[in-house]
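The block underneath contains the structure these notes are about, expressed in C-alpha cells.
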Amino acid sequence: MVFVLAGCAVQTAETIWVRPGTLAFEAEQATVACTQRARVQFPEDRAIETTPSAVIGVGVGNRRHHHDRRSGGVFGAVGVDIFEVDRNEPRRDAAFAACLGRQGYAPVTLPSCRPGEAMPLESQPFDTRGLCVANGRLAATR
C-alpha cells in the first residue's frame, strides 16, 4: 500500500523574545547584544563524547550474529555512537535568557510562517495570537 501526502507539511514552531510595544529593530538589537554577551561569557567548549549503542532485532536474524537469550532477539549491531558537544551551550543559553529577561523580554513560542505568506511587523504587539515567526521576526499572515 502506498500513501501519498501532497501539500502536507509539518509546521514548525519557533521561540522569539517579545517585549510588547518595542520596535522590531530594537528587539533585534537587544537579541544581538545579548547573544554576543553570552558568547563572550561562555565561549564554545567543544568535546567529543560517546555512548554505547546496540541494535536488537527480534525474530528472524542473520546466522552470523550472536543470539541474546535475555531479549529473545538477535544483536544486529553493537558499537559506540560518537558525537561532538558544546559543554558551554546550556550556560550560554541561560546567560542569553537572563540578559533579555532583565530588559523585560519574555519568550513566546509561535508557529513558523509559511514562505511568502507573512508580512513582518514593525513593532511587537501585546497580543501574539494568530502571529507567526518569519526570519526571527514577528509577522502576520497576509
Side-chain angles (χ1 to χ4, degrees), residues 1-62 65-142:
M1 186 182 299
V2 176
F3 292 98
V4 177
L5 297 175
C8 294
V10 176
Q11 191 168 12
T12 60
E14 295 183 49
T15 299
I16 186 167
W17 288 77
V18 176
R19 185 175 73 184
T22 303
L23 295 175
F25 179 72
E26 290 176 40
E28 290 170 9
Q29 286 182 322
T31 299
V32 168
C34 287
T35 299
Q36 290 174 340
R37 184 174 297 130
R39 283 184 179 155
V40 168
Q41 289 175 321
F42 300 101
E44 285 189 6
D45 181 13
R46 296 282 180 193
I48 302 296
E49 292 189 3
T50 62
T51 58
S53 68
V55 177
I56 300 174
V58 177
V60 180
N62 188 327
H65 298 294
H66 300 288
H67 187 70
D68 181 1
R69 290 188 175 99
R70 291 169 290 155
S71 69
V74 175
F75 276 105
V78 177
V80 175
D81 290 330
I82 301 171
F83 52 95
E84 184 178 24
V85 296
D86 177 0
R87 293 186 284 200
N88 269 343
E89 185 175 15
R91 292 178 194 93
R92 194 168 43 253
D93 291 346
F96 171 78
C99 177
L100 284 177
R102 283 191 300 272
Q103 296 177 52
Y105 289 88
V108 176
T109 301
L110 297 168
S112 300
C113 301
R114 290 192 172 95
E117 292 184 8
M119 186 171 73
L121 302 178
E122 294 299 319
S123 65
Q124 296 186 335
F126 286 86
D127 186 0
T128 58
R129 288 180 293 186
L131 299 180
C132 56
V133 179
N135 299 321
R137 290 182 66 184
L138 285 174
T141 55
R142 298 178 199 217

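Numbers here are sequence positions counted from 1. Predicted model, so just to flag it, every value in this text is computed and none were measured.
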(Q) For the CD atom of Glu49 and the CD atom of Glu84, what is their distance to the nearest 0.5 Å? (A) 10.5 Å
Q | Close side-chain approach of Ser112 to Val133, heavy-atom, < 4.5 Å | A | no
Q.
When you compare the side chain of Ile16 with that of Thr31, does any pair of heavy atoms fall below 4.5 Å?
A. no
Q | Approximate separation, where rounding is to 0.5 Å, of Gln29 CD and Thr22 OG1 | A | 11.5 Å
Q: Starting at CZ of Arg114, measure out to OG1 of Thr12 and round the result to the nearest 0.5 Å.
A: 10.0 Å
Q | Straight-line distance of Asn88 CG to Arg46 CZ, nearest 0.5 Å | A | 10.5 Å
Q | Cys113 side chain near Thr141 side chain, heavy-atom distance below 4.5 Å | A | no
Q | Heavy-atom side-chain proximity of Val40 to Gln36 below 4.5 angstrom | A | no
Q. Looking at CZ of Arg39 and CZ of Phe96, how far apart are the two atoms once the value is rounded to the nearest 0.5 Å?
A. 9.5 Å
Q | Gap separating the CG atom of Leu131 from the CG atom of Leu121, nearest 0.5 angstrom | A | 5.5 Å
Q) Who pairs with Glu89 by side-chain contact (heavy atoms from CB on, under 4.5 Å), at least two apart in sequence or on another chain? A) Asp86, Arg92, Asp93
Q) For Arg37 and Cys99, which heavy atoms make the closest approach, and how far apart are they? A) NH1-SG, 3.0 Å
Q. Hey, are the side chains of Gln124 and Arg137 touching, using non-hydrogen atoms and a 4.5 Å cut-off?
A. no
Q: Please name the pair of heavy atoms, one in Gly101 and one in Trp17, separated by the smallest distance, quoted to 0.1 Å.
A: N-CZ3, 4.3 Å
(Q) Do Gln103 and Cys34 have side chains that approach each other closer than 4.5 Å (heavy atoms only, starting at C-beta)? (A) yes
Q: Compare every heavy atom of Phe126 with every heavy atom of Gly21, then report the nearest pair and how far apart it is.
A: N-CE1, 4.4 Å
Q.
A quick test of your reading: do over 12 heavy atoms of other residues, nucleotides or ligands sit less than 6.0 Å from CG of Asn135?
A. no
